[in-house]
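Numbers restart at 1 for each chain; the letters A, B, ... are given by sequence-line order, proteins then strands.
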Amino acid sequence: DPVSGGKLDLIVQPEPPSVMIGITTNGPALLVGGNIYESLLRYDENLKPMPSLAKSWETSEDGLTYTFHLQEGVKWHDGKPMTSADVMFSVEDFLMKLQPRHRNLMSHVAKVVAPDDNTVVFTLKEPFEAFIRGFAFYTMPIVPKHIYEGTDYQTNPANEKLIGTGPYKFAEWKRGSYIKLVKNEDYYLPGKPYIDELYYHVIPDGASRAVAYETGQVSVLPGGSVENFDIPRLSKLANTCTTEKGWEYFAPLSWLWLNNRKPPMDNVKFRQAVMFALDREFAKDVLWNGYGKVSTGPISSKVPFYANVGPSYPHDPAKAKALLKEMGYDGKPLKLLPLPYGETWQRWAEAVKQNLADVGIPVEIESTDVAGWNQKTSQWDYDIAFTYLYQNGDPAIGVDRNYKSSQIAKGNPFNNVEGYSNPEVDKLFTEAAVAFPAAKRQELYDKVQAKLREDVPVAWLLELGFPTIYNCNVENPISTASGLPNSLRDAWIKK
Amino acid sequence: MTEFWKRFSKHRGAVAGLVILFLIVLLAVLAPFLFPKSPWAMVQRPFLPPFENATYFLGTDTMGRDLASGLAHGAYVSLLVGLVSTVVSLLIGIPIGALAGYFGGIVDDVLMRFTELFQSVPSFALAVVLVAIFQPSITSIVVAIAIVSWPPVARLLRGEVMSLKSRDFVDAAVLSGQRSFTIIWRQILPNTLSPIIVLASMMVAAAILVESALSFMGLGDANVMSWGYIIGAGRTVIRQAWWVSFFPGVAILLTVLALNLVGEGLNDALNPRLSRKGRQA
Amino acid sequence: MNTIGTGEKPVIHPGSLKRPEGEPIVRIEKLSIALPEGADRVFAVDRLSIDIHPGEIVCIVGESGSGKSMSANALMGLLPDLVTVAQGRILLGGENLLKLSANALYDIRGRRVAMIFQEPMTALNPLMKVSAQIEEVFEAHGLLTTRERRQRALDLLEEVGLPDPQRAARSYPFQLSGGQRQRVMIAMALALEPEVLIADEPTTALDVTTQAQILDLIRRLQRTHNMAVMFITHDFGVVAEIADQVTVMQHGQVVEQGTADEVLLSPGHSYTRKLIAAIPSGMANERPAKEKNATGPLLHVEKLSKTYFMGSGLFGKQRQVHAVKEVSFSLERGETLGIVGESGSGKSSVGRCLVRLQDPSGGHILLDGEDIATLKGEALRAMRRRIQMVFQDPYSSLNPREKVGRIIASGPIAFGEDNAAAYKEAERLLELVGLDARAAERYPHEFSGGQRQRIGIARALALKPEIIVADEAVSALDVSIQAQVLDLLEELKRTFNLSLVFITHDLRVAAKICDRVLVMQTGEAVEMGSARTIFENPQHTYTRNLIEAIPGRAKEARIAALASA
Amino acid sequence: MTRFLAGRLVRAVFILLVITVSNFFLIHAAPGDPAAVMAGESGDADPQFLEQLRERFGLDKPLYVQLGIYVSHVVRLDLGYSYRQQLPVLDLILERLPATLLLSLSAFAVSLGLGILAGAMAAARQGRLSDTLISLFALIFYATPLFWLALMAVLLFSIELGWLPGFGYETVGAGYAGFARALDIAKHLVLPAMTLGLFFMAVYVRMTRASMLEVSQMDFVKTAKAKGLRPRVIQRRHVLRNALLPVVTLAGLQAGQLVGGAVLIETVFAWPGIGRLMFEALSQRDYNLLLGVFVVSAAMVLLFNLITDVLYRFVDPRIRVAS
Ligand SMILES: Nc1ncnc2c1ncn2[C@@H]1O[C@H](COP(=O)(O)OP(=O)(O)OP(=O)(O)O)[C@@H](O)[C@H]1O
Ligand SMILES: Nc1ncnc2c1ncn2[C@@H]1O[C@H](COP(=O)(O)OP(=O)(O)OP(=O)(O)O)[C@@H](O)[C@H]1O
Ligand SMILES: [Mg+2]
Ligand SMILES: [Mg+2]
Ligand code: NI
């Protein structure tokens with residue numbers, strides 16, 4: 001049975017600029033901030049909604065009205081009660097100003113009302129089946145109205161002394177060293193959370209992070225915090241548990257952007273040749289140590305509406321060469337932009353370079369740092385570039401943005417950066433998003449997946465697996481599709 | 001010259017250093033013949049331990065690339081980085097130091113303040129920033145190393161030139177109607193050769209180390225195989241495959257050691273303590 | 001340098017064998033000191049035998065490199081690394097020093113045998129106060145308390161005649177002048193009243209007046225403390241001044257030994273004779289006065305001043321040194337003008353202003369009526385070929401990295417002559433100064449000091465100047481070589497009808513070659529006249545002091561008389 | 001002395017100003033800006049979001065206006081606000097500075113102390129085996145890439161032997177205070193300081209050795225021998241003291257460099273110092289923070305140079321009296 005007490009040491013990597021997840025939504029910020037802020041719902045590993053700040057909810061038959069009933073007795077960390085007013089403020093004001101993802105979601109919403117302190121009702125313009133998956137802790141964190149209303153949200157001092165409703169309260173941040181959270185004694189679920197203190201250690205070097213785990217200074221290594229090469233060794237250590245769970249909502253999918261605007265990437269045969277040239281099994285087995293899965297197409301197999309339809313691309317250099325010959329590729333050298341996220345990605349770029357060289361595509365790796373990568377990709381200044389994106393629980397939220405021609409816009413790397421433009425795909429995606437009910441959506445998504453797999457606007461690589469490594473004394477560290485970030489409220493430490 | 005060699009060869013360490021250096025240069029030059037395949041080619045299973053497979057006797061790295069091939073091709077790049085960056089920093093440092101030392105006064109003041117400017121920023125930090133800003137490539141790495149390592153050259157040269165300037169043979173050259181630049185070029189610079197050579201040998205060594213450190217910080221050029229790259233890449237797997245970072249580590253160690261020994265030998269050979277010093281003012 | 005002895009037997013005068021009283025305190029027997037491999041000869045010192053009795057000053061003379069210092073070092077047990085004693089004995093009061101343990105040697109050094117070195121500038125630790133350095137001697141031998149040591153140090157400084165002992169004790173070496181430092185060295189050597197004092201050219205680096213004082217001091221102290229002194233010098237004047245016994249060395253071997261009178265007055269060995277003959281007489285020859293040029297003097301210097309500014313920088317205090325104060329003189333065509341004076345009197349400053357290596361602070365330098373004191377740029381460069389300079393130090397005045405031919409030819413080349421012609425001319429000049437034409441292909445370090453000085457002269461001649469300024473051009477050379485170079489200058493002067501400005505602190509040299517002499521003291525010209533009048537009838541007291549300070553003048557007169565007989 | 005100090009101060013201020021301006025342009029020459037980085041990290045962005053960020057960071061203004069604003073702040077000793085961390089740059093730096101100073105000064109002490117000791121020993125035993133061994137060991141520490149050495153040290157002392165913590169500044173959450181805390185920090189300090197120190201030690205070993213050998217050829221050493229002093233005393237009092245002058249000069253240059261130059265060690269040992277802060281600021285294009293770190297570390301370099309000069313005057317009477 002769960003017992004209370006103890007302290008838990010984790011890694012946060014890299015150190016986030018802030019953990020106010022209403023403003024800063026990068027991975028490390030979520031890992032910490034997800035314990036402080038909550039949204040209306042959580043999702044299980046099949047992306048089924050579960051209660052969070054909302055105790056229960058109903059959807060109308062026509063798929064237009066969503067009614068949420070809030071938990072009772074929820075208090076902010078400063079003791080003030082949390083009510084539907086806070087939800088209204090967050091949804092209509094705070095997040096609208098600060099979160100592009102939220103703005104996107106709200107474009108489907110006609111109005112939001114709060115009939116009483118414990119109820120919030122969303123009315124949509126048209127049916128949008130994905131809507132129910134838009135209430136994750138980081139897409140719609142609920143922030144306190146009484147703290148933020150009428151202030152400059154960005155510079156509000158509360159961004160440093162965080163006030164949320166979550167199971168843990170912010171205690172201390174020693175920059176460069178650690179962030180400390182403590183148990184929220186007034187949490188609305190009696191008995192929870194179990195652990196007294198959480199320490200998120202900042203250790204910039206991957207090898208040192210592994211050492212930290214080995215020496216017991218840290219007992220949880222969240223996914224991605226050690227180099228993949230270390231995982232087999234660490235997972236063999238005594239009393240060590242490993243799980244790949246907790247990434248279902250994010251469903252990170254990696255691919256190579258092929259700049260469709262430029263020759264030879266504008267030629268579908270070339271793009272197909274690239275797919276055949278890539279040895280993705282090798283990447284999975286050697287670089288990712290068997291974690292993850294070779295991707296079949298634009299939608300991750302963890303995400304609803306995934307379907308294995310259309311042409312597939314096994315490693316086949318001969319076919320690649322034949323395609324290149326067929327299209328008359330001139331052997332012009334191309335630039336490859338790796339993702340500057342550490343050794344594994346670096347190695348992967350080298351492997352891809354080698355794969356392409358093997359079929360006669362000379363490639364030069366263009367090293368850069370995170371800022372450079374952002375600059376180059378968002379300005380479309382690349383030939384081939386690595387990336388990976390979260391799919392955020394639904395193709396309508398996290399997938400179509402990468403392929404619709406309306407999403408071609410210079411300036412940010414989370415849209416149709418490859419410059420793929422196909423009216424047929426546009427239409428299918430647009431219809432699929434608002435089709436109702438789910439079966440209808442599935443049909444449309446099947447079609448679009450087949451079409452995209454034929455067209456290969458980008459070269460899909462792997463559905464990434466980021467195993468979490470932890471001391472087996474830690475029970476239940478992962479309880480949702482978002483894993484450690486959302487949250488440690490159910491975790492406890494065996495005595 | 002023969003006397004020089006005699007004295008140099010007395011220094012046993014220096015001779016050993018020279019031999020090691022020669023072998024490394026040979027390895028670098030012969031790399032394309034010894035290992036015709038690209039060092040990036042994935043040729044065997046990953047993490048093949050050394051001395052198990054005769055063809056890949058040093059084993060393979062994380063991706064099954066031949067370590068021996070990497071070392072040989074890396075020798076070329078590492079030496080190149082060391083040499084070119086040293087030459088470039090000499091090209092910056094020598095004129096600045098020589099002009100400052102020779103002309104003195106305002107010229108000296110201006111040039112030395114300029115030098116101080118570069119010395120006031122921690123050099124490795126500056127190198128990191130430069131490489132990040134100009135984006136990692138072998139050129140930017142060489143340039144960055146050169147930019148952070150010229151100030152000591154300038155300072156050394158300024159001191160040497162100032163002391164040489166007061167020597168009578170420089171006065172004699174002035175009297176014989178030679179112009180300032182001729183004097184600097186013909187009378188002064190040749191006499192600063194020995195301290196420069198000694199310093200340069202150390203700088204080559206330092207540059208190789210800085211390149212490897214930059215690689216470690218993720219600022220290496222991913223298109224060229226250098227020792228720094230291998231060691232940086234191997235470091236993350238040091239627990240599983242010690243050999244990946246061990247062999248390039250040893251290679252760097254040997255090279256730097258050799259360069260230092262040669263530098264020391266040069267120092268001894270060029271500043272003979274045995275020979276009686278001429279009376280000097 | 002020269003070819004080794006002609007097989008001539010060493011001359012041992014009876015005076016070196018019949019010594020007055022009892023046992024010698026130091027007896028060196030057949031001492032040979034081996035040099036490391038690759039040195040210029042096998043033995044630095046070859047079968048040297050010397051006795052030194054208490055109360056006796058034994059001088060060792062010989063040209064540079066003859067092994068004088070090595071002998072002294074051996075006696076101290078301080079031979080350089082790699083240099084070893086090959087055979088022989090060194091007895092101190094009957095005890096063989098070569099057989100002693102290191103510890104026993106430490107006890108002897110400073111206590112029974114003390115030493116003074118040539119270079120007062122570098123022989124003291126720059127970071128320690130003078131007093132502490134003297135106190136150390138007592139400390140080294142575990143004598144006295146700290147307080148007593150301090151007192152003794154003061155007493156010693158007083159004894160060696162430092163003007164303000166209290167201040168000197170608190171000073172760092174760099175705050176003292178050369179003469180003062182040498183006195184500190186002597187104080188240190190005398191601290192424990194050693195039985196034997198070794199003085200290795202203790203006055204060579206000092207100017208005449210200071211030299212005279214130091215010699216005086218050593219002799220006085222030697223008498224009062226009844227010390228045995230081994231005195232090393234290459235200056236026969238000094239020998240004449242203080243020696244009881246003399247040992248002449250050449251190439252590590254003794255060539256002559258005897259009492260001072262025996263060696264100086266009746267030298268038996270040709271080498272000794274050569275050394276003695278080379279001593280400038282100190283008597284100025286009468287020279288015909290140069291006829292005055294109708295167009296006025298070649299060079300006319302008017303109220304020349306030079307002030308140095310030091311310790312400047314944005315915020316530092318400025319210090320001024322008035323090195324030359326309103327000096328005026330003129331120089332006729334074909335005339336030699338000597339400039340003499342003690343160290344620091346401004347001689348070099350005048351010379352450097354004349355050739356415009358320095359900018360004068362005031363006054364005019366008229367060359368054929370044109371003021372060259374303020375010339376700049378190309379005009380200055382064009383003037384340079386008319387006035388050239390020969391430098392003091394034959395080692396530092398030649399670029400070690402240039403071949404001799406290039407060194408000489410670079411002047412003409414700089415003035416536009418074509419390379420081949422310039423090199424041809426250089427070879428001719430080399431022959432003219434008595435070197436082989438093939439010397440052009442060699443580097444300076446392959447030549448001896450005298451030869452290098454010839455190269456320097458050839459360089460100065462290359463531009464066919466009208467005036468040559470020679471700043472201490474022979475001071476660094478051994479006497480025998482000095483004479484050769486002086487002769488060469490004299491001859492060239494005549495051949496080319498050159499005018500010469502000859503700067504020296506050695507009055508005997510000045511007397512030998514100058515037509516007229518200018519005497520300088522602290523930047524001012526105190527006296528000027530024909531060489532003869534200056535030496536025989538000096539007007540200014542300063543000039544008189546200078547002449548008086550020339551060591552061994554009395555004896556020298558006799559030697560000179562004998563030599564000319 | 002006051003004049004000297006005032007002169008140096010004026011010069012330092014001038015240099016700092018030039019550094020500020022030139023680094024400003026240098027940093028802005030880098031591709032990308034903090035807004036793009038933050039957008040990139042958030043995993044989602046639209047033009048409005050980027051616009052907001054740029055406006056907030058003042059990046060929408062022309063570059064020269066930004067420079068003017070920055071310089072006018074710096075002269076008032078205000079290093080500005082970190083775009084990213086939403087905290088004053090000065091606070092961020094001051095928070096990290098003690099750790100850096102602690103690390104670099106102890107490394108400095110280790111390198112200088114051991115370096116001089118070993119160098120003096122080698123010089124005294126010139127040509128013998130111990131001389132060769134000392135020189136060789138020093139060289140090996142110097143020639144081994146620092147990060148490699150660091151990891152080896154961690155593997156040995158913290159994983160295999162378990163003697164010392166492998167990273168971090170102190171034991172997090174242990175709640176130590178007072179002496180216990182100091183001891184805890186000291187334990188954490190050992191590995192990074194030693195690694196860094198041993199690397200720099202080589203330079204001092206060589207320099208001390210060479211300088212001692214040179215000084216021991218000097219005349220005054222012969223004088224000291226002639227006094228009958230024992231070799232040990234000569235080495236210590238006469239040779240070493242004089243030989244240390246060039247070492248002091250170099251040490252001064254290096255002490256300053258260490259402050260911002262320990263990026264590698266701080267990264268490997270997770271030491272919360274400003275070297276790492278700089279690197280992070282760099283990769284996040286946190287302009288103000290990066291510039292701030294530069295200004296502060298340049299100030300440190302200048303400060304240490306000044307200290308050396310003062311020290312040098314103290315050690316060498318010739319310079320002291322001359323001014
Ligand atoms: N440290 C040394 N190592 C090797 N050879 C030396 C060393 N010092 C001197 N010599 C050689 O020993 C010989 C004698 O030198 P020494 O110093 O005794 O001459 P010196 O008569 O004192 O000359 P000087 O008048 O120039 O002082 C010379 O041939 C010289 O080259
Ligand atoms: N470059 C200089 N800067 C400052 N002071 C100088 C400089 N050169 C010479 N002096 C000073 O000027 C004075 C005259 O020096 P100068 O060299 O002309 O004397 P000198 O008669 O040639 O002496 P010596 O016989 O020692 O060569 C001395 O007090 C000297 O210290
Ligand atoms: Mg001598
Ligand atoms: Mg002079
Ligand atoms: Ni000779």
Side-chain angles (χ1 to χ4, degrees), chain A residues 7 9 14-18 24-29 97-101 103-104 154-155 159-160 174-178 180 197 199 201-205 207-209 211-212 214-215 217 250 340 368-378 389-390 392 398 401 409-415, chain D residues 30-53 56 82-87 92 95-96 99 147 150-151 154-155 158-159 162 165-173 266-274 276-277 279-280 282-286:
Chain A
K7 93 185 213 291
D9 293 275
E15 185 169 26
S18 148
T24 309
T25 55
N26 72 0
K97 288 211 175 99
L98 296 173
Q99 290 235 2
R101 215 185 329 253
R103 281 195 284 271
N104 241 331
Q154 305 276 7
T155 56
N159 295 344
E160 293 299 318
K174 200 139 176 52
R175 276 173 207 269
S177 291
Y178 61 90
K180 176 183 175 186
E197 292 174 337
Y199 286 95
H201 297 256
V202 179
I203 301 174
D205 178 49
S208 301
R209 292 193 287 274
V211 170
E214 277 174 89
T215 52
Q217 276 152 294
F250 302 112
T368 182
D369 61 1
V370 177
W373 181 89
N374 272 297
Q375 167 87 2
K376 286 204 155 75
T377 54
S378 60
L389 255 76
Y390 292 166
N392 294 332
R401 58 178 174 164
K410 249 193 189 167
N412 90 63
F414 307 103
N415 52 26
Chain D
D33 67 12
V37 176
M38 291 188 72
E41 285 174 341
S42 71
D44 206 339
D46 57 11
Q48 188 192 343
F49 180 71
L50 282 161
E51 203 58 31
Q52 272 177 0
L53 286 179
R56 200 167 105 217
S82 159
Y83 299 139
R84 198 182 151 81
Q85 317 236 15
Q86 291 296 311
L87 284 173
L92 283 167
E95 195 182 352
R96 299 289 191 95
F147 50 90
L151 197 76
V154 172
L155 285 186
S158 86
I159 296 189
F167 58 86
Y169 179 72
E170 58 186 316
T171 309
V172 170
E266 287 181 4
T267 304
V268 177
F269 288 102
W271 191 263
I274 60 174
R276 235 176 80 202
L277 189 65
F279 190 67
E280 282 156 16
L282 172 69
S283 51
Q284 292 148 359
R285 299 292 186 274
D286 194 342

Minimum heavy-atom distance D/R276-A/G176, with the two atoms named: NH2-O, 3.0 Å
Minimum side-chain heavy-atom gap D/E170-A/K174 below 4.5 Å: yes
Portion of D/L277 that has a non-hydrogen atom of chain A nearer than 4.5 angstrom: neither
Heavy-atom pair with the smallest gap, counting every atom of D/A270 and A/V202: CB-O, 4.0 Å
Which atoms of A/A29 approach chain D - backbone, side chain, both or neither, heavy atom under 4.5 Å: neither
A/Q99 versus chain D, the contacting section by heavy-atom distance below 4.5 Å: neither
Heavy-atom closest pair, residues D/I159 and A/T215: CG1-CG2, 4.2 Å
Between A/T377, A/N104, A/D369, the one whose heavy-atom pairs under 4.5 Å with chain D are most numerous: A/D369
Heavy-atom contact with chain D under 4.5 Å, split by part of A/Y178: side chain
Donor-acceptor contact present, side-chain D/R285 to main-chain A/A371, <3.5 Å: no
Distance, nearest 0.5 Å, that separates CZ of A/R175 from CD of D/E280: 10.5 Å
Contacting moiety of A/Q154, where chain D heavy atoms sit under 4.5 Å: both
Greater than 12 external heavy atoms within 6.0 Å of D/E51's CD: no
Contact class of A/Q217 relative to chain D, heavy atoms under 4.5 angstrom: side chain
Chain D interface, residue from A/E197, A/K97, A/K376 that has the most non-hydrogen pairs under 4.5 Å: A/K97
Side chain / backbone / both / neither for A/R209 at chain D, heavy atoms under 4.5 Å: neither
Under 4.5 Å from any heavy atom of chain D - which part of A/K7: side chain
Proximal component of D/V268, with respect to chain A [non-hydrogen, under 4.5 Å]: both
Interchain contact, D/L155 with chain A, by part (heavy-atom threshold 4.5 Å): neither
Validation row: A/P17, D/Q284 side chains within 4.5 angstrom (heavy atoms): no
Under 3.5 Å: donor-acceptor pair, side chain of D/T267, backbone of A/P204: no
